[in-house]
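Below you'll find the structure, written out as structure tokens, and then a few comments.
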2 protein chains.
Amino acid sequence: MDTRAYRLQSKTAKALAHPTRIAILEMLRRGERCVCEMEPELEASQANISQHLAALRDANLVAGRREGMRIQYRATDERIFQVLDLLAVIRHDQLNQARRALASLESVRA
Amino acid sequence: MDTRAYRLQSKTAKALAHPTRIAILEMLRRGERCVCEMEPELEASQANISQHLAALRDANLVAGRREGMRIQYRATDERIFQVLDLLAVIRHDQLNQARRALASLESVRA
DNA sequence: CAGTTATATTAGGATAATCGAATATAATTA
DNA sequence: TAATTATATTCGATTATCCTAATATAACTG
């Protein structure tokens, strides 16, 4: 078992293991954003968003660039969006399967 | 912000947020495995492997099928391996970039 | 310089993840 | 049925994550 590699992969996965951090990355998919632009869309405090950005920075998934008073964040590797897309289709299919299973159980009562 | 969708996506990501769980999935990539086959390859106790399998089951990423005394586990969605592949290349590039950055800093002392 | 805006960091408490140890369950074999 | 093998679950302690509140830093504005 390639412990070191798996540790690093799980570190990246851990960075995605929070809905707010996924929401942040989804915003960055559409281009650079400062925290002040994220604040209204995410339902989280400024401090909390900064903390989640720190986690994403720590995992090397985002980087910021100062522009006057603001700091513009961007994704450092576009492939993270492919990961998000895959997670979305996996989730989507899981929901569909669960719905089908429920429907077939319910149809028995007829 | 689509809170529900992001919660489900982050749940899947959280299941990947541990090196042992990634190692388990990598074993399952090569086919069905029982816990007793995982035990020597992973450096973890039987109980601990069972606990990680429970986490993967809870996220719907693996399923087990009893076969006599053993329970054969398999991945429920092959696309999870695409996620692992992406995490691997992202990690690989991050390492390379860090190495290049270090090398260029070291070359200054000449 | 004083005040303001944008962001980051720290501290503290609550919740969750992790692991080892012990125990439970389930199938098999003697 | 007793012993054995394979796996799961529970408990408790430790560590990590998360959030809010407060404070710090940094750049801009008057």
Side-chain angles (χ1 to χ4, degrees), chain A residues 1 3 6-25 27-28 31-76, chain B residues 1 3 6-25 27-28 31-76:
Chain A
M1 140 162 173
T3 314
Y6 296 159
R7 261 205 304 269
L8 288 169
Q9 273 170 280
S10 67
K11 187 179 165 184
T12 306
K14 193 172 288 193
L16 303 180
H18 195 287
T20 301
R21 293 197 288 272
I22 293 194
I24 289 173
L25 287 171
M27 293 192 67
L28 297 183
E32 279 193 339
R33 289 285 184 285
C34 62
V35 181
C36 56
E37 287 170 314
M38 298 178 193
E39 221 174 322
E41 191 157 336
L42 311 171
E43 282 134 28
S45 69
Q46 175 270 316
N48 193 227
I49 295 173
S50 265
Q51 287 165 338
H52 284 301
L53 281 167
L56 289 168
R57 254 187 282 126
D58 191 56
N60 278 301
L61 293 184
V62 307
R65 144 184 94 73
R66 190 171 272 281
E67 190 177 278
M69 256 187 310
R70 301 178 170 191
I71 295 182
Q72 297 288 345
Y73 278 95
R74 67 180 183 285
T76 54
Chain B
M1 139 164 173
T3 312
Y6 295 159
R7 262 205 303 268
L8 287 169
Q9 274 170 278
S10 66
K11 187 179 164 185
T12 306
K14 192 172 287 191
L16 304 179
H18 195 288
T20 301
R21 292 196 290 271
I22 293 193
I24 288 173
L25 287 171
M27 293 191 69
L28 297 183
E32 280 193 338
R33 290 284 184 285
C34 62
V35 180
C36 58
E37 288 170 314
M38 298 179 192
E39 221 174 321
E41 191 157 337
L42 310 171
E43 282 135 28
S45 69
Q46 176 269 317
N48 192 227
I49 295 173
S50 265
Q51 287 165 337
H52 283 301
L53 281 168
L56 289 168
R57 252 185 286 125
D58 191 57
N60 278 301
L61 293 184
V62 307
R65 147 184 94 73
R66 189 171 272 279
E67 191 176 279
M69 257 188 312
R70 301 179 169 190
I71 295 182
Q72 296 289 344
Y73 277 96
R74 67 181 183 285
T76 54

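Lettering of chains follows the sequences in order, A, B, ..., and the numbering in each one begins at 1.
For DNA chain C, the contact window with chain B, defined by any atom under 4.0 Å from a protein heavy atom, covers C:dA17 to C:dT28 in 5' to 3' order.
Each end of the helix from C:dC1-D:dG30 to C:dA30-D:dT1 gets its own rotation axis from five pairs of C1' atoms, and the angle between them is 10° to the nearest 10 degrees.
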Quiz item: Which parts of nucleotides 25-30 of chain D does protein reach within less than 4.0 Å, heavy atoms only, written one letter per nucleotide 5' to 3' as B for base, S for sugar-phosphate only and - for none?
Solution: -SBS--

Quiz item: Quick one: what's the B/S/- string for nucleotides 10-20 of chain D, heavy-atom cutoff under 4.0 Å, read 5' to 3'?
Solution: B------SSBB

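Evaluation of the side-chain hydrogen bond (donor to acceptor under 3.5 Å, both in side chains) test over residues 7-17 of chain A, restricted to residues two or more places apart or in two chains, returns none.
In this structure, CD in A:Q51 is found 9.0 Å from CD in A:Q46, a value given to the nearest 0.5 Å. The CZ atom of A:R21 sits 12.5 Å away from atom CG of A:L42, with the distance rounded to the nearest 0.5 Å. Distance CD1/B:I49 to CD/B:E43: 10.5 Å, rounded to 0.5 Å. With rounding to the nearest 0.5 Å, the separation of CG in A:L53 from CG in A:L25 is 9.0 Å.
Residues B:M27 and B:Y73 form no side-chain contact, since every pair of their non-hydrogen atoms from C-beta on lies 4.5 Å or further apart. Between B:M38 and B:L28, the closest side-chain pair of non-hydrogen atoms falls below 4.5 Å.
With sequence neighbours excluded, no residue forms a salt bridge (Lys or Arg N to Asp or Glu O under 4.0 Å) with B:E39.
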